[in-house]
Amino acid sequence: MDARFNMFENEFAVKFAKRFANAGMVIHQSALPESTRELVSLRASQINGCGWCVDAHTKEAAAAGESAVRLHLVAAWRESTVFTEAERAALALAEEGTRIADAQQGVSDETWALVRKHYDDDQIAALVALVALINAANRLAVIVHQRGGSYEVGAFAAALDGPH
């Protein structure tokens with residue numbers, strides 16, 4: 001199936017995408033570890049069924065040195081041994097923050113306590129912003145049927161080029 005609409009060829013959409021990418025750059029420049037950022041983005045994208053974002057974050061994570069084993073196990077992180085306690089807390093937050101409608105309280109107190117245990121305030125702010133941003137990105141791509149498979153490493157950074 002082809003994309004319904006090309007968000008990369010429309011002038012308004014490109015303006016929006018550049019500002020969206022700038023928000024992502026703030027998170028990228030945070031103290032939240034890159035591996036955590038990519039794992040969280042990948043997990044939320046898997047939950048939301050966003051092929052384009054799964055493609056992008058898998059490739060970006062691999063290019064940054066993430067192992068194939070860990071990438072393959074993100075979807076089953078609870079049933080694996082390859083993630084740190086801090087990463088597990090971040091993945092739990094990603095899942096609960098993505099599936100807000102599935103729980104009466106959104107993110108559980110237990111998950112929040114784990115996040116507080118492993119991350120400082122700036123990292124938590126970045127983590128919360130990341131979960132919100134990747135969910136928005138997933139929705140943009142899914143709505144227009146942007147398909148996975150064609151993403152090239154570095155395309156996110158390239159989105160910041162040009163006038164803002």
Side-chain angles (χ1 to χ4, degrees), residues 16-142 148 151-161 164:
F16 178 80
K18 286 186 179 195
R19 280 142 184 93
F20 197 81
N22 279 326
M25 185 56 69
V26 173
I27 297 166
H28 179 77
Q29 293 170 345
S30 75
L32 190 64
E34 181 177 12
S35 59
T36 301
R37 293 192 313 262
E38 292 300 339
L39 294 172
V40 163
S41 295
L42 177 56
R43 185 62 190 127
S45 299
Q46 290 170 335
I47 292 166
N48 288 322
C50 183
W52 196 85
C53 294
V54 168
D55 181 32
H57 291 289
T58 300
K59 289 174 180 174
E60 290 288 345
E66 191 60 69
S67 75
V69 170
R70 284 169 43 94
L71 291 174
H72 292 302
L73 287 172
V74 168
W77 64 269
R78 283 184 180 85
E79 304 301 323
S80 66
T81 60
V82 299
F83 301 103
T84 67
E85 286 186 31
E87 290 167 338
R88 295 170 73 76
L91 289 165
L93 182 73
E95 285 191 359
E96 292 176 24
T98 297
R99 294 180 166 139
I100 290 173
D102 294 344
Q104 290 180 344
Q105 61 184 358
V107 174
S108 70
D109 291 339
E110 294 79 11
T111 294
W112 189 252
L114 289 172
V115 168
R116 294 293 300 165
K117 176 181 175 184
H118 294 287
Y119 298 98
D120 65 27
D121 286 352
D122 288 345
Q123 291 172 316
I124 291 170
L127 190 53
V128 169
L130 175 61
V131 171
L133 194 67
I134 191 59
N135 274 279
N138 293 161
R139 280 145 181 80
L140 288 167
V142 169
Y151 181 82
E152 294 187 23
V153 173
F156 288 142
L160 294 174
D161 292 341
H164 300 285

Walk me through whether Trp77 and Val82 qualify under side-chain contact (heavy atoms from CB on, under 4.5 Å). CA-CA 8 Å; Trp77 64 269; Val82 299; over 6 Å; no
State the CG-CD distance between Leu73 and Glu79, to the nearest 0.5 angstrom. 10.5 Å
Quick one: list whatever passes salt bridge (Lys or Arg N to Asp or Glu O under 4.0 Å) with Asp109, sequence neighbours left out. none
Could you tell me which residues satisfy salt bridge (Lys or Arg N to Asp or Glu O under 4.0 Å) with Arg43, sequence neighbours excluded, listed by chain and number? Glu95
Quick one: pull up OG1 in Thr36 and CG in Leu127 and give me the separation to the nearest 0.5 Å. 8.0 Å
The salt bridge (Lys or Arg N to Asp or Glu O under 4.0 Å) partners of Glu85 (sequence neighbours excluded) come to Lys117
For Arg88, what residues pass the salt bridge (Lys or Arg N to Asp or Glu O under 4.0 Å) criterion, not counting sequence neighbours? none
Approximate separation, where rounding is to 0.5 Å, of Asn22 CG and His28 NE2: 12.5 Å
Non-neighbouring partners of Trp52 that pass ring pair (Phe, Tyr, Trp, His ring centres under 6.0 Å), sequence neighbours left out: Phe8, Tyr151
Calculate, to the nearest 0.5 Å, the distance between atoms CG and CG belonging to Leu130 and Leu32 respectively. 6.5 Å
Determine the minimum heavy-atom distance between Glu87 and Ser35, stating which atoms define it. OE2-OG, 3.8 Å
What one should report as the nearest heavy-atom pair of Gly97 and Val107 is N-CG2, 3.9 Å
Of the non-hydrogen atoms in Cys50 and Ala141, which two are nearest, and what is the gap between them? SG-CB, 3.5 Å
Check Arg37 against Ser30 and note the closest heavy-atom contact, atom names and distance. NH1-O, 4.2 Å
Could you list the residues that satisfy side chain to side chain contact (heavy atoms under 4.5 Å, CB included) with Ser108, not counting sequence neighbours? Glu96, Gln105, Glu110, Thr111
Less than 4.5 Å apart, side chain to side chain, heavy atoms only: is that true for Phe83 and Leu39? yes
Shortest non-hydrogen pair, Ala31 vs Gln123, comes out as O-NE2, 3.1 Å
If I take atom CZ from residue Arg99 and atom CG from residue Asn48, how far apart are they, to the nearest 0.5 angstrom? 9.0 Å
If you compare all heavy atoms of Val115 against all heavy atoms of Ala89, which two are closest, and at what distance to 0.1 Å? CG2-O, 3.7 Å
What distance separates Leu42 CG from Glu66 CD, expressed to the nearest 0.5 Å? 9.5 Å
Member of Val142, Ile134, Asn135, Thr98 meeting the side-chain contact (heavy atoms from CB on, under 4.5 Å) criterion with Ser45: Ile134
Are the side chain of Glu60 and the backbone N or O of Gly154 linked by a donor-acceptor pair below 3.5 Å? yes
